[in-house]
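Notes to accompany the following structure.
Proteins get letters first, then strands, A, B, ... in listed order; numbering begins at 1 in each.
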Amino acid sequence: MNYIEINKVYYKYRNAVDYAVKNISITVSKGELILITGGNGSGKSTLLKLIMKAIKPASGVVHLDGKNINSYSITEIGRKIGFVFQNPNHMIFNTTVYDEFVFGLKQIKKSIDEIDELAEYYLHKFDLYRLRNRNPFNISEGQKQLLVISSVLAMQPDFLILDEPTTGIDSTHKHTLINMFNEIHSNGTGIIIISHDNKLINELDGREIFMSQGEIVETY
Amino acid sequence: MRPDIRTKLLIVFAFSFLGIYYQNIKILFFLLLANILVNFLFGISFKVRGLKAVILFTFMIMLIQSFFIKGGTPVIEIMGFNLLSTAGLVYGIKILLRTYILLTSALILINSDKNELVLGLVKLKVPYEIVFMLQLAMRFLPNFIDELKITIYAIQLRGINLKQIYKKEVLSVYIYIFTPIMYSIFQKTEKLSATAEIRGFRYIENRSYYKNIKMRFVDYSIIFLVIVMTCLLLYFV
């Protein structure tokens with residue numbers, strides 16, 4: 001069964017002349033890795049918003065794990081899919097790096113021991129442990145991105161959707177990130193990545209979808 | 001009809017003042033009708049995002065407030081308990097009409113060109129710093145609303161179900177939501193300040209403007225009419 005199914009979806013932003021996405025149909029199996037690329041304004045982020053239920057399609061339907069996405073609450077979607085937005089500042093709610101990392105883990109009622117273990121692992125992995133008492137708004141944009149990604153990874157969702165995850169990240173940490181993605185993908189977690197980063201695209205082995213002007217132009 | 005922004009400001013002020021001044025329901029209703037008519041004459045669109053929600057919300061507030069005002073004859077009585085009285089109803093209707101008068105007046109400005117509004121205020125000798133602040137607020141309000149929406153989505157995706165928060169958690173949830181927004185505001189403020197300085201903000205006392213606004217005969221006529229009608233209303237009613 002397909003995990004995510006987008007079927008003949010159209011969406012137009014308010015006051016826009018043309019559709020942001022036109023007749024998009026994508027099926028994504030559980031555990032699949034998808035890379036979505038395309039120029040600016042091609043509809044990649046709109047696609048993400050449709051899966052996130054942030055916007056409703058003008059026509060067409062989105063299914064998640066066999067059910068219409070409208071039957072899920074946003075919290076339920078978040079439990080199944082870990083989303084990482086393009087701008088990490090929208091996803092930081094706490095005043096220390098450590099509190100920010102454990103925020104989601106507390107919501108899903110992980111034990112203190114589990115939380116500490118995950119925090120040790122991920123914060124060290126992404127070189128954030130030394131910053132654990134810092135205000136996350138005072139670290140670099142790349143470090144914020146790593147913090148947000150690690151905190152979403154730690155929640156161990158069924159699927160990960162990331163919008164430009166390597167923005168502002170140096171080559172060393174990018175390498176760590178790519179290895180992490182490959183590792184979790186091999187463990188069965190599905191991933192959808194929206195990116196312009198050629199290094200990321202070349203080093204991840206998945207289906208590539210190229211979008212232009214709201215439509216899927218090529219799949220390979 | 002496209003009157004000058006200064007004419008519109010006077011009309012908005014007149015309606016707002018009269019709406020607050022008068023207590024009589026019939027006069028408030030007449031003022032609301034007159035305000036709506038003015039909006040139609042100016043070609044003002046009532047298709048503003050969120051207007052329906054605001055109207056509904058105001059109506060609900062009116063209803064709730066009415067329940068707390070006692071006096072007059074009971075309208076809704078449940079097991080001897082006076083839930084809603086005529087005094088409460090009258091009070092609620094006055095609040096409603098007054099709010100709608102202010103709302104429809106605000107529509108006149110919302111549908112105006114923001115640059116013209118800034119220019120109009122400057123020509124009315126409002127200090128430019130205050131006008132600039134107002135312009136920035138209008139410019140960034142839609143951004144602020146969008147960021148608020150994104151943040152609310154993000155926090156729900158991280159596991160907080162906003163429909164099921166315990167009372168003791170409400171304050172902490174609000175802090176979580178407003179933390180990234182406040183940071184964003186401070187960040188934007190810093191960058192805006194630097195950008196404005198780089199682009200010569202207040203380098204010269206009297207800056208020039210790309211556009212210009214001019215009062216026409218129709219504007220003076222409208223202003224005269226508004227002043228006369230306001231005075232007549234205040235004198236005779």
Side-chain angles (χ1 to χ4, degrees), chain A residues 13-15 45 48-55 72-96 99-110 135-139 141 144 147-148 151-157 159-163, chain B residues 45-54 110-111 113-114 138-192 194:
Chain A
Y13 286 99
R14 180 191 279 266
N15 300 325
S45 295
L48 185 146
K49 287 177 190 174
L50 286 163
I51 300 170
M52 212 169 75
K53 211 179 131 182
I55 54 179
Y72 291 100
S73 68
I74 296 164
T75 317
E76 285 167 346
I77 294 171
R79 192 63 197 97
K80 285 183 169 292
I81 304 179
F83 284 94
V84 176
F85 300 162
Q86 195 170 0
N87 184 349
N89 291 303
H90 291 142
M91 299 188 73
I92 296 173
F93 309 107
N94 292 273
T95 51
T96 69
D99 285 342
E100 183 56 39
F101 178 83
V102 305
F103 180 73
L105 296 171
K106 283 182 182 172
Q107 305 311 320
I108 59 173
K109 310 267 192 275
K110 289 273 185 192
N135 187 324
F137 293 107
N138 292 338
I139 59 179
E141 295 302 308
K144 283 179 199 168
L147 172 60
V148 166
S151 58
V152 167
L153 284 174
M155 288 173 73
Q156 293 161 340
F159 224 95
L160 263 183
I161 297 181
L162 308 110
D163 193 352
Chain B
S45 169
F46 281 80
K47 283 185 189 165
V48 174
R49 204 164 77 171
L51 184 64
K52 257 190 219 166
V54 171
I110 288 168
N111 281 283
D113 187 317
K114 306 290 180 279
M138 288 192 296
R139 157 72 182 86
F140 282 103
L141 189 61
N143 287 46
F144 171 77
I145 293 169
D146 285 340
E147 292 210 4
L148 185 61
K149 280 185 189 167
I150 294 170
T151 306
I152 289 172
Y153 256 92
I155 205 165
Q156 289 178 92
L157 289 170
R158 289 281 284 283
I160 289 189
N161 189 343
L162 294 176
K163 292 177 184 168
Q164 290 173 9
I165 316 169
Y166 294 112
K167 275 188 195 143
K168 59 178 181 174
E169 290 174 340
V170 167
L171 181 63
S172 56
V173 171
Y174 275 118
I175 291 171
Y176 290 140
I177 291 172
F178 282 101
T179 299
I181 291 171
M182 291 312 296
Y183 165 76
S184 174
I185 288 170
F186 289 136
Q187 203 192 29
K188 278 192 179 61
T189 311
E190 260 184 7
K191 287 183 181 170
L192 207 62

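Interface summary for chain B: among A:Ile77, A:Val152, A:Asn94, the most heavy-atom pairs under 4.5 angstrom belong to A:Asn94. Most heavy-atom pairs under 4.5 Å with chain B, from the set A:Ser151, A:Pro136, A:Gly82: that is A:Ser151.
Judged purely by atom type and a 3.5 angstrom limit, B:Arg158 uses its side chain to pair as donor or acceptor with the backbone of A:Met91.
A distance of 7.5 Å separates OG of A:Ser73 from CD of B:Gln156, quoted to the nearest 0.5 Å.
Qualifying side-chain hydrogen bond (donor to acceptor under 3.5 Å, both in side chains) partners for A:Asn89, counting only residues two or more places apart in sequence or in other chains: A:Asn87, A:Glu141, A:Lys144. Considering only residues two or more places apart in sequence or on other chains, A:Thr95 meets the side-chain hydrogen bond (donor to acceptor under 3.5 Å, both in side chains) condition with none of them.
Residue A:Ile108 does not touch chain B at all, counting heavy-atom pairs closer than 4.5 Å. Only the side chain of A:Phe83 comes within less than 4.5 Å of a heavy atom in chain B; its backbone stays farther off.
Residues of residues 142-154 of chain B lying within less than 4.5 angstrom of chain A, judged on heavy atoms, are B:Glu147, B:Ile150, B:Thr151, B:Tyr153, B:Ala154 in numerical order. Proximity to chain A among residues 176-189 of chain B is limited to B:Tyr176, B:Thr179, B:Pro180, B:Tyr183, B:Gln187, judged by heavy-atom separations below 4.5 angstrom.
The two atoms that bring B:Asn161 and A:Thr75 nearest to each other are CA-OG1, 3.4 Å, heavy atoms only.
Around atom NZ of B:Lys114, more than 12 heavy atoms belonging to other residues, nucleotides or ligands sit under 6.0 Å away.
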